[in-house]
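Please read the structure below before turning to the comments.
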Amino acid sequence: MKKYPDANIIRLGIGDTTEPIPDIITSNMAEYAKALSTRKGYKGYGAEQGHKALRKAIAESFYKDLGVKDAEVFVSDGSQCDISRLQLLLGSSVSVAVQDPNFPAYMDSSVIIGQAGDFLDETLKYKNIEYMTCGPQNNFFPDLSTTSRTDIIFFCSPNNPTDGSPKSIYEIPGSRECAIEISSFSKIAGFTGVRLGWTVVPDELYYANKVPVIHDFDRIVCTCFNGASSIAQAGGLACLSPDGFKAVMSVVDYYKENAKILVETFTSLGLVVYGGVNAPYVWVHFPGSRSWDMFSEILNKTHIITVPGSGFGPGGEGYIRVTAFGQRENILEASVRLRNVNL
C-alpha cells in the first residue's frame, strides 16, 4: 500500500465471507436479542452443550440416517475453538498425522499442546508430526497404506483443494467407533463473525479401557466453555429452518459461481487449477515457482491478495490459494486484471 497508495486492492486471501447474512436469519437473532430486555424473554446461562432444539436440528439436518443423536452434538463458538478443546482431550503424549497441505489450526494447536516436537529448518516440518502427502498424484487425499500408524489423524474435508468429499465422515461404515467430527456455520451461513459451530462425539467411541470418550469431552466443554452465545444459537436454528436453509444455500450458490469464474480465469491463462467446485477455494499450480514469489508477483502486477500455498505446509509449495468469498464485482475485476498480465 505504501508502494501503490492509489491501488484498489482486491483481497482474495483469507477465507472470510463477504455477503450479508439472509434477513430471515438475522431477524430471528434480533428478535431473540430484543426479548432479552423483557422479564419474559430474558435468559441467562444455557446448557454448555448447546440449546436442545439446535442440537436436535443439527442432528436431523446434517446427519439424517447416519445414526447421530442429539446428545452426541456439542454446540460451540466455531470449529477452530473446538479443535483446541479437542487437543485438551487428546493431550501432549499422542502421535499425530496431518494432511500436507493442511488447515493450519491442526498443526499449530498440536505445537501449542506439545505434540509436535522440534521444528526442523531443513525440511520445514516438525519432528514428531507425520505429514501425509496430498497432491494431484493421489487426488489430494493421502495413501494411508504408506502412512506410519499414529494415535490421531486429522482430516480436513474439504481440504485444499478437494472437491469430491463426503459430507460427513459418518457416511463411512465403522467411523462412529473411531472418529470425532468438528463442523461450523462460518462458511455455510456467513457466521465467521457470529461464531457458531458444533462437534459430534459418538457414543460408540471408547478409550482402550472401554471408557466412553464423550464423557471426557463433556467435562472439557463444561469446564473450559460456558456455551455458545444464545443469540448466535437462535441464528443457527433459523439457518436450519426450511426457509432459512434455502436462503443460506442461495448465498452458497453465489460463492460457487464466483469460484467458477476464478477457475475459468486461471485456466484461460494456461495454468492447472484444482478445487473450486464443491469448495470455496481455488488451488492454482505454478510448477517450478515458489509460493511466496507468485504471491508477490500477483500482488505487484494485479494488486490482488492471494495466499501462498506453503502457508498450509511444505506440500503447498508451488501453489497459491484464491478464495471465492468476495463481491461479484470484485471477482469480475480480478478476472480482468489476471487476464491482462503475464504470470
Side-chain angles (χ1 to χ4, degrees), residues 16-17 21-22 24-63 66 68-91 103 105-106 108-109 112-113 168-170 176 179-203 205 211-241 244-245 248:
D16 192 4
T17 51
I21 298 171
I24 188 174
I25 295 163
T26 55
S27 294
N28 205 58
M29 288 191 283
E31 289 174 9
Y32 187 96
K34 182 66 175 176
L36 293 175
S37 63
T38 68
R39 285 280 185 193
K40 183 178 180 181
Y42 176 75
K43 295 180 175 63
Y45 288 125
E48 291 93 339
Q49 301 87 350
H51 294 173
K52 187 173 182 180
L54 180 57
R55 298 172 80 187
K56 185 174 187 289
I58 290 171
E60 292 178 350
S61 298
F62 296 106
Y63 302 101
L66 297 180
V68 173
K69 299 182 279 291
D70 306 357
E72 298 171 327
V73 176
F74 294 81
V75 178
S76 73
D77 51 346
S79 60
Q80 194 151 333
C81 301
D82 259 5
I83 289 169
S84 296
R85 294 186 192 106
L86 180 60
Q87 291 285 25
L88 290 178
L89 177 76
L90 301 175
F103 179 48
Y106 306 133
D108 292 345
S109 62
I112 290 170
I113 203 70
S168 169
I169 198 168
Y170 301 122
R176 286 179 56 83
I180 292 172
E181 182 164 284
I182 302 174
S183 197
S184 172
F185 284 90
S186 288
K187 305 304 193 300
I188 193 173
F191 273 29
T192 51
V194 176
R195 307 306 306 152
L196 192 67
W198 70 90
T199 292
V200 176
V201 185
D203 287 339
L205 184 64
V211 174
V213 174
I214 192 172
H215 292 173
D216 276 2
F217 192 75
D218 183 77
R219 186 172 184 178
I220 286 172
V221 167
C222 292
T223 303
C224 306
F225 184 49
N226 260 346
S229 159
S230 293
I231 298 171
Q233 291 189 69
L237 197 58
C239 288
L240 301 181
S241 68
F245 197 74
V248 163

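All residue numbers refer to positions in the sequence shown, counting from 1. Predicted model only: the values in this text are computed from it and were never measured.
For the salt bridge (Lys or Arg N to Asp or Glu O under 4.0 Å) test, residues two or more places apart in sequence or in another chain that qualify with R176 are E72, E204. Legend: residues meeting salt bridge (Lys or Arg N to Asp or Glu O under 4.0 Å) with D70, ordered by chain and number and at least two apart, are absent. Annotation: salt bridge (Lys or Arg N to Asp or Glu O under 4.0 Å) contacts of R55 (sequence neighbours excluded): none. Residues that satisfy the salt bridge (Lys or Arg N to Asp or Glu O under 4.0 Å) test with K56, not counting sequence neighbours, are E60.
Heavy-atom minimum distance, A228 versus L196: CB-CD1, 3.8 Å. Residue C224 comes nearest to L88 through the heavy atom pair SG-CD1, 3.8 Å, listed as atom of the first residue, atom of the second, then distance. Heavy-atom minimum distance, L240 versus S61: CB-OG, 3.8 Å. F225 and E48 get closest at one heavy-atom pair: O-CG, 3.4 Å. Contact between I231 and M29 at its shortest, heavy atoms only, is O-CG, 3.2 Å. C239 and I25 make their closest contact through SG-CD1, 3.5 Å (heavy atoms, listed as atom of the first residue, atom of the second, distance).
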Could you list the donor-acceptor pairs under 3.5 angstrom formed by side chains in residues 37-45, with sequence neighbours left out?
unit_1 : atom_1 : unit_2 : atom_2 : d
S37    : OG     : K34    : O      : 2.6
T38    : OG1    : A35    : O      : 2.7
T38    : OG1    : G41    : N      : 2.9

Distance-only criterion, 3.5 Å: show the donor-acceptor pairs between side-chain atoms of residues 211-220 and protein atoms not counting sequence neighbours.
unit_1 : atom_1 : unit_2 : atom_2 : d
D216   : OD2    : Y207   : OH     : 2.9
D218   : OD1    : Q49    : NE2    : 2.7

Under the side chain to side chain contact (heavy atoms under 4.5 Å, CB included) rule, what do I21 and V194 come out as? Steps first, then yes or no, please. CA-CA 10 Å; I21 298 171; V194 176; 3.9 Å; yes
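No more than 12 heavy atoms of other residues, nucleotides or ligands shown are found within 6.0 angstrom of NZ on K52.
Side-chain contact between K69 and D203 is present, with heavy atoms from C-beta onward closer than 4.5 Å.
For the atom pair CD1 of I180 and CG of L86, the computed distance is 5.0 Å after rounding to the nearest 0.5 Å. The CD1 atom of I182 sits 8.0 Å away from atom OG of S76, with the distance rounded to the nearest 0.5 Å. One distance of note links CG of N28 with CD1 of I24; it measures 8.0 Å at 0.5 Å rounding. Note that CD1 of I83 and CG of L90 are 11.5 Å apart. Values are rounded to the nearest 0.5 Å. Put simply, OG on S168 and CZ on F62 are 10.5 Å apart, with the number rounded to the nearest 0.5 Å. Atom CD of Q233 and atom CG of L237 lie 9.0 Å apart (nearest 0.5 Å).
Of the possible polar contacts, none joining the Y63 side chain to the Y170 backbone as a donor-acceptor pair under 3.5 Å is found. In this structure, the side chain of E181 engages the main chain of I169 through a donor-acceptor pair within 3.5 Å.
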